[in-house]
Amino acid sequence: MQLAPFSRAEEQRFYLVAAMGGLVTAVGLLAALYMEHAGHVVTGMTNQVVWGMPHVFAIFLIVAASGVLNVASIGSVFGKKVYKKRAPLSGLLCLAMLTGGLFVLMLDLGRADRLIIAATHYNFTSVFAWNVFLYSGMFAIVAVYMWTLMERRMNGYSKPAGFAAFIWRLILTTGTGSIFGFLVARQAYNSAVLAPMFIIMSFAWGLAVFMIVQKTMFWWNSIELHPSVRTRMKNLLGVFVAAVLYFVIAYHMTNLYFAKQIAFERFILLDGGIFPLLLWGGYLLLGTVAPLILIYHPGLSARRGSVMLASLLVVLGAFCQLYVFIIGGQAFPLEIFPGMEVSSSFYDGQVEHYAPSLPEILLGFGGIAIAFLITAVGVRVLHFLPQDDLSQLEAAASISD
Amino acid sequence: MSHNKRRSFLVASAAGLGTVALGVAVAPGIRLIEVSHANPVRPAGQPASSAVRWGMLVDTTRCATGCDDCVKACAAENGINETVADKRQGAQWIRKIDIKEAKTGRQHSLPMMCQHCANPPCVDVCPTGASMKRADGIVLVDRHVCIGCRYCMMACPYKARSFVHQPLSGQNPEVPRGLGCVESCTLCVHRVDKGQQPACVESCTTAGHNALLFGDLNDPNSEISRRAAAAATSQIRADLKLNTGVRYQGI
């Protein structure tokens with residue numbers, strides 16, 4: 001399929017979109033500069049909730065970045081042709097979102113000016129230090145992988161490169177989940193299940209982001225996604241969303257079984273204010289049940305825009321889930337004296353109230369804008385648009401690679 | 001007084017004076033150190049020794065509810081004097097915690113600070129190695145290497161660390177602090193290296209409370225070791241097996 005050259009109106013639209021992305025990125029940078037200059041006193045973060053909204057955005061972007069690469073992996077590693085057509089876009093989105101996530105994470109540091117120290121001083125017992133290697137390695141491996149995909153002479157190497165990228169991304173998400181899994185002190189974390197849970201979350205979030213971007217690009221180019229491809233991808237999204245739900249249930253059920261965790265679960269599930277609301281309403285109802293209905297209900301799933309809506313809801317649910325996990329996990333008082341009632345000038349024993357400030361939120365959106373900008377420019381200058389072989393798809397009554 | 005007696009008195013006095021004079025002249029430094037230093041001085045350039053394990057014993061039976069002499073002394077010593085609009089963003093290196101057994105109502109008051117663990121989670125998780133443990137067991141943050149990621153604060157089971165949320169001024173030159181870095185109790189390392197006690201311990205002792213005792217846990221003859229051997233002491237969150245340098249008596 002050959003695409004028509006860009007029209008003048010289309011050129012203008014692209015520059016408008018790019019300018020919008022650039023503007024939001026610039027606002028994010030300014031917010032970071034303000035936080036850096038005034039200190040974190042201008043954020044809602046405290047000595048009780050030490051990781052806030054920037055971490056919700058950063059972790060979403062990083063986890064989804066590794067997940068969005070799955071589309072490529074299904075093509076290269078598992079040999080599914082429909083997905084192989086989407087591999088370059090999948091790689092581009094991975095790099096773009098990883099950049100956006102690291103942008104937020106790095107600019108939220110108390111001393112972002114010491115980036116060079118983070119790059120030159122390593123403590124190898126730290127999961128964070130491992131992640132510095134995993135993230136930079138991801139850039140290199142995905143870049144090579146994309147080269148093997150997009151340079152015809154290198155196509156023969158795409159399978160081993162894709163396999164390396166697949167293994168690397170699994171390790172990377174294990175590393176991200178382990179940032180929390182290795183925290184021995186806090187009730188919300190300290191669990192080996194977090195590593196595989198983050199992997200499956202990345203599958204769902206990454207595919208949802210891919211579907212949104214794909215749909216937008218097809219709309220831009222006035223192309224309709226082939227129904228068979230649509231059915232296939234939406235069903236896969238449904239499986240991933242259900243799998244995340246399975247892990248969430250397993251995580252909470254385990255906690256509910258341990259007497260020492262019951263108070264924490266009560267807080268997250270029942271009387272923790274915003275957190276149960278976001279978990280039940282945001283994550284479960286809007287982010288899980290509603291997308292599953294949109295995906296699997298025979299009538300609804302056939303409707304135009306239902307998959308796009310389901311994907312957007314999965315992303316919304318992801319943010320709710322991360323907010324509950326990261327902020328809720330810190331808001332619940334750290335148990336220093338189990339079985340005792342405690343009080344102090346440092347708010348021991350008290351539930352912490354966190355209200356994100358505008359600069360934090362703007363920094364987070366700055367990260368999304370960077371990912372958006374990289375994607376928009378990448379799609380503009382190189383051939384990332386998935387181009388299905390329609391005759392092949394039409395010929396096949398059902399697709400079975 | 002007879003002649004003989006007077007002579008022997010003069011001889012004895014002269015000998016005594018001579019001894020004192022000799023002592024002052026020959027070894028003034030040694031004598032002064034012996035008198036005024038509770039701990040051995042660590043000369044500049046000499047690394048901290050793993051033969052020593054600095055620790056603290058908190059006798060909660062002597063720690064009064066409402067008394068915060070140790071907190072005030074810490075703040076004065078370490079220059080923690082900033083005004084913070086939102087107190088939740090303020091630094092607290094040491095704080096008093098009131099605890100109450102939910103069932104029995106038995107109450108205690110105790111100071112909580114960095115527990116100077118032998119296996120500190122903050123050191124494990126620090127990406128740059130800014131969180132570190134000195135050979136003598138004191139856990140510190142290297143302010144030149146801390147990037148302010150706050151992962152150590154997530155990892156600490158005692159909420160012992162604070163992040164500096166705003167620019168600071170009027171610092172104690174011996175205790176540098178800085179915006180965007182994480183900090184916690186240093187066990188007054190700058191005083192300990194000079195042979196002095198941590199400020200909190202000194203203030204508690206001076207006030208006559210005697211609830212805090214500082215010393216070398218590796219030396220079986222130190223008072224802290226003898227007290228810990230004689231009475232039941234406990235570590236906070238002993239289940240985590242962090243082997244804390246701060247021990248509590250009476251809880």
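Numbered from 1 within each chain, the chains take letters A, B, ... in sequence-line order.
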Using a heavy-atom distance cut-off of less than 4.5 Å, which residues of residues 185-195 of chain A contact chain B? Ala185(A), Arg186(A), Tyr189(A)

Using a 3.5 Å distance criterion without hydrogens, assess whether the side chain of Trp51(A) forms a donor-acceptor pair with backbone atoms of Cys149(B). yes

With a 4.5 angstrom heavy-atom cut-off, which part of His55(A) approaches chain B: side chain, backbone, both or neither? side chain

Using a 3.5 Å distance criterion without hydrogens, assess whether the side chain of Gln89(B) forms a donor-acceptor pair with backbone atoms of Thr43(A). yes

Heavy-atom distance under 4.5 Å to chain B: side chain of Tyr347(A), backbone, both or neither? both

Short question: side chain of Arg150(B), backbone of Leu109(A) - any donor-acceptor pair under 3.5 Å? no

Checking Val71(B) against chain A: side chain, backbone, both or neither under 4.5 Å from a heavy atom? neither

If you count heavy atoms of other groups shown closer than 6.0 angstrom to OH of Tyr122(A), is the number above 12? yes

Contact part of Ile236(B) toward chain A, heavy-atom cut-off under 4.5 Å: side chain, backbone, both or neither? side chain

Identify which part of Ile147(B) has an atom lying under 4.5 Å from any heavy atom of chain A, answering side chain, backbone, both or neither. both

Answer whether the closest heavy-atom distance between the side chains of His165(B) and Asn47(A) falls below 4.5 Å. yes

Kindly check if the number of other-residue, nucleotide or ligand heavy atoms within 6.0 Å of CZ (Phe124(A)) is above 12? yes

Side chain, backbone, both or neither: which part of Gln330(A) has an atom under 4.5 Å from a heavy atom of chain B? side chain

Just verifying a value: how many Å separate Gln107(B) CD and Met340(A) CE, rounded to the nearest 0.5 Å? 10.5 Å

Main-chain N/O of Cys126(B) paired to Asn123(A) side chain as donor or acceptor, under 3.5 Å: yes

Counting only heavy atoms closer than 4.5 Å, note whether Leu183(A) contacts chain B via side chain, backbone, both or neither. side chain

So CZ of Arg111(A) and OG1 of Thr128(B): to nearest 0.5 Å the spacing works out to 12.0 Å

Got a sec: does the CZ of Phe365(A) have more than 12 other heavy atoms crowding it under 6.0 Å? no

Can you tell me which portion of Ala38(A) sits under 4.5 Å from chain B's heavy atoms? Options are side chain, backbone, both or neither. backbone

Evaluate the side-chain proximity of His37(A) to Pro167(B): yes if any heavy-atom separation is below 4.5 Å, no if none is. no

Exercise: identify the closest heavy-atom pair between Gly339(A) and Glu101(B): O-OE2, 4.4 Å

Test log, rule side-chain contact (heavy atoms from CB on, under 4.5 Å), inputs Val50(A) and Tyr151(B): CA-CA 9 Å; Val50(A) 302; Tyr151(B) 197 17; over 6 Å; no

With a 4.5 Å cut-off on heavy-atom pairs, point out which of Arg161(B), Lys103(B), His144(B) contacts chain A the most. His144(B)

Identify which part of Asp108(A) has an atom lying under 4.5 Å from any heavy atom of chain B, answering side chain, backbone, both or neither. both

Check Met112(B), Gln92(B), Arg88(B), Lys96(B) against Phe346(A) for a side-chain contact (heavy atoms from CB on, under 4.5 Å) and give me the one that passes. Gln92(B)

Partner chain A: residue of Ala155(B), Cys181(B), Ala130(B), Ser162(B) with the largest heavy-atom pair count (under 4.5 Å): Ser162(B)

More than 12 non-hydrogen atoms from neighbouring residues, nucleotides or ligands closer than 6.0 Å to CD1 on Ile116(A), yes or no? no

Let me confirm one number: the CE-CG distance from Met45(A) to Asp86(B), rounded to the nearest 0.5 Å. 13.0 Å

Under the 3.5 angstrom rule, does the side chain of Gln166(B) hit a backbone N or O of His40(A) as a donor-acceptor pair? no

The reported gap from OH in Tyr158(B) to CG in Asp348(A) (rounded to nearest 0.5 angstrom) is 13.0 Å

Can you check whether Ser344(A)'s main-chain N or O pairs, donor with acceptor, with Asp98(B)'s side chain at less than 3.5 Å? no

Closest contact, heavy atoms only, Leu334(A) versus Cys156(B): CD2-O, 3.6 Å

Option in Ala129(A), Gly110(A), Ala119(A) with maximal non-hydrogen atom pairs under 4.5 Å from chain B: Gly110(A)

How long is the gap from CD1 on Ile336(A) to CD1 on Ile97(B), to the nearest 0.5 Å? 4.5 Å

At under 4.5 Å between heavy atoms, what parts of residues 168-179 of chain A are in contact with chain B? List them by residue number. Ser178(A), Ile179(A)

Go through the atoms of Ile94(B) and report whether side chain, backbone, both or neither lie under 4.5 Å from a heavy atom of chain A. neither

Less than 4.5 Å to any heavy atom of chain B: does that hold for the side chain of Met106(A), its backbone, both, or neither? neither

Once rounded to the nearest 0.5 Å, what's the spacing between atom OG1 of Thr46(A) and atom NZ of Lys87(B)? 14.5 Å

